[in-house]
Amino acid sequence: MASACPPAAPTQPTLPSGAAVFKTIPYAFILPEIICGTWVWILVAATSVSFPLLQGWVMYVSLTSCLISLLLLLSYLFGFHKNSENWKVLDSLYHGATAILYMSAAVLQANATIRSELGPNSPLYYQLNSAASFFAFITTFLYILHAFSIYYQ
């Protein structure tokens, strides 16, 4: 006698769409990444940019990752992913690569902060650079958390 067991359901979790993006753990990190990254490039732009090579890289990484993360957030909000496994791979690779780039930018921003302590108008620019370094390391941590949580999911 044959058993009438239904076939096993797929074990792949569904990707969130709409407001569920803000409630699901790896994807809930996208909005804080955008906000903290925006603070990085606003604070760096508010300084005199005494070290254009160092802070130019910080501006490039922060602005580019903010825009790409915003596009990724919008694609999740509007459901462009259609629950494809490729979106998980794309998300994991993007956040992993961006975490590495943001770590380099955060270290360069910390270097610019240390070097700006000795320059003219040092109290104001030092405080702005310190805040930019703080947010750069926070944003790096958020990208690392996102990359690892999507990888282990």
Side-chain angles (χ1 to χ4, degrees), residues 12-117 119 121-153:
Q12 173 187 359
T14 60
L15 294 173
S17 293
V21 171
F22 302 114
K23 299 174 186 172
T24 310
I25 267 304
Y27 310 103
F29 291 130
I30 295 176
L31 190 60
E33 291 165 0
I34 293 170
I35 292 170
C36 290
T38 303
W39 273 111
V40 171
W41 63 267
I42 287 172
L43 290 167
V44 171
T47 65
S48 66
V49 187
S50 305
F51 312 103
L53 188 60
L54 301 179
Q55 291 178 306
W57 176 249
V58 175
M59 288 289 289
Y60 172 75
V61 169
S62 61
L63 188 58
T64 304
S65 61
C66 273
L67 293 176
I68 294 173
S69 292
L70 182 64
L71 289 174
L72 193 61
L73 177 65
L74 291 174
S75 66
Y76 278 121
L77 284 175
F78 294 123
F80 293 144
H81 53 75
K82 307 243 189 278
N83 206 25
S84 172
E85 186 67 26
N86 295 335
W87 276 87
K88 281 187 165 184
V89 174
L90 171 80
D91 196 346
S92 179
L93 288 175
Y94 165 70
H95 281 88
T98 306
I100 293 169
L101 294 175
Y102 236 110
M103 179 58 82
S104 70
V107 168
L108 289 175
Q109 180 58 37
N111 185 4
T113 301
I114 293 168
R115 294 170 78 184
S116 73
E117 186 176 19
N121 300 325
S122 61
L124 174 65
Y125 293 139
Y126 180 74
Q127 291 171 356
L128 290 172
N129 282 323
S130 295
S133 296
F134 173 76
F135 280 110
F137 280 107
I138 293 296
T139 309
T140 302
F141 181 66
L142 288 169
Y143 276 106
I144 290 170
L145 277 178
H146 189 122
F148 277 116
S149 62
I150 198 87
Y151 178 75
Y152 285 116
Q153 188 181 32

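All heavy atoms count here, side chains included; hydrogens, waters and symmetry mates do not.
Evaluation of the side-chain hydrogen bond (donor to acceptor under 3.5 Å, both in side chains) rule for Trp41 yields no partner, not counting sequence neighbours. Partners of Ser65 according to the side-chain hydrogen bond (donor to acceptor under 3.5 Å, both in side chains) rule, which considers only residues two or more places apart in sequence or in another chain, do not exist here.
Within the model, atoms CD1 of Ile138 and CD1 of Ile35 stand 13.5 Å from one another, a figure rounded to the nearest 0.5 Å. Here CD of Gln127 is found 11.5 Å from CG of Leu43. Values are rounded to the nearest 0.5 Å. Between the CG atom of Asn129 and the OG1 atom of Thr47 there is a distance of 5.0 Å, given to the nearest 0.5 Å. Atom CG of Leu93 and atom NZ of Lys88 lie 13.5 Å apart (nearest 0.5 Å). The structure places NE2 of His95 at 9.0 Å from OG of Ser149, a figure rounded to the nearest 0.5 Å. Rounded to the nearest 0.5 angstrom, Leu72 CG and Glu33 CD are separated by 9.0 Å.
Considering Val58, Leu54, Ile114 as possible partners of Gln109, the one that fulfils the side chain to side chain contact (heavy atoms under 4.5 Å, CB included) test is Val58.
Shortest non-hydrogen contact noted between Ala136 and Val40 is N-CG2, 3.4 Å. Between Ile34 and Cys66 the shortest heavy-atom distance is O-SG, 3.6 Å. Between Ser92 and Ala147, the shortest heavy-atom distance links the atoms OG-O, 4.2 Å. The minimum heavy-atom distance linking Cys36 with Thr139 is given by the pair CB-OG1, 3.0 Å. Heavy-atom minimum distance, Tyr102 versus Ser62: OH-CB, 3.1 Å. Residues Tyr76 and Ile30 share a closest heavy-atom pair of CD1-CD1, 4.0 Å.
Side-chain contact check for Tyr94 and Ser69: at least one donor-acceptor pair (N or O, by modelled atom type) lies under 3.5 Å.
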TODO: Could you walk me through whether Thr113 and Ser130 pass side chain to side chain donor-acceptor pair (under 3.5 Å), step by step?
DONE: CA-CA 6 Å; Thr113 301; Ser130 295; 5.1 Å; no
- [ ] Show the numbers, then the answer: is there a side chain to side chain contact (heavy atoms under 4.5 Å, CB included) between Phe137 and Met103?
- [x] CA-CA 7 Å; Phe137 280 107; Met103 179 58 82; 4.1 Å; yes
Open item on the list: Assess the residue pair Asp91 and His146 against the criterion (side chain to side chain contact (heavy atoms under 4.5 Å, CB included)); give the C-alpha distance rounded to whole Å, side-chain angles, the decisive distance to 0.1 Å, and a yes or no.
Closed with: CA-CA 9 Å; Asp91 196 346; His146 189 122; 3.0 Å; yes
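Side-chain contact between Trp87 and Leu90 is present, with heavy atoms from C-beta onward closer than 4.5 Å.
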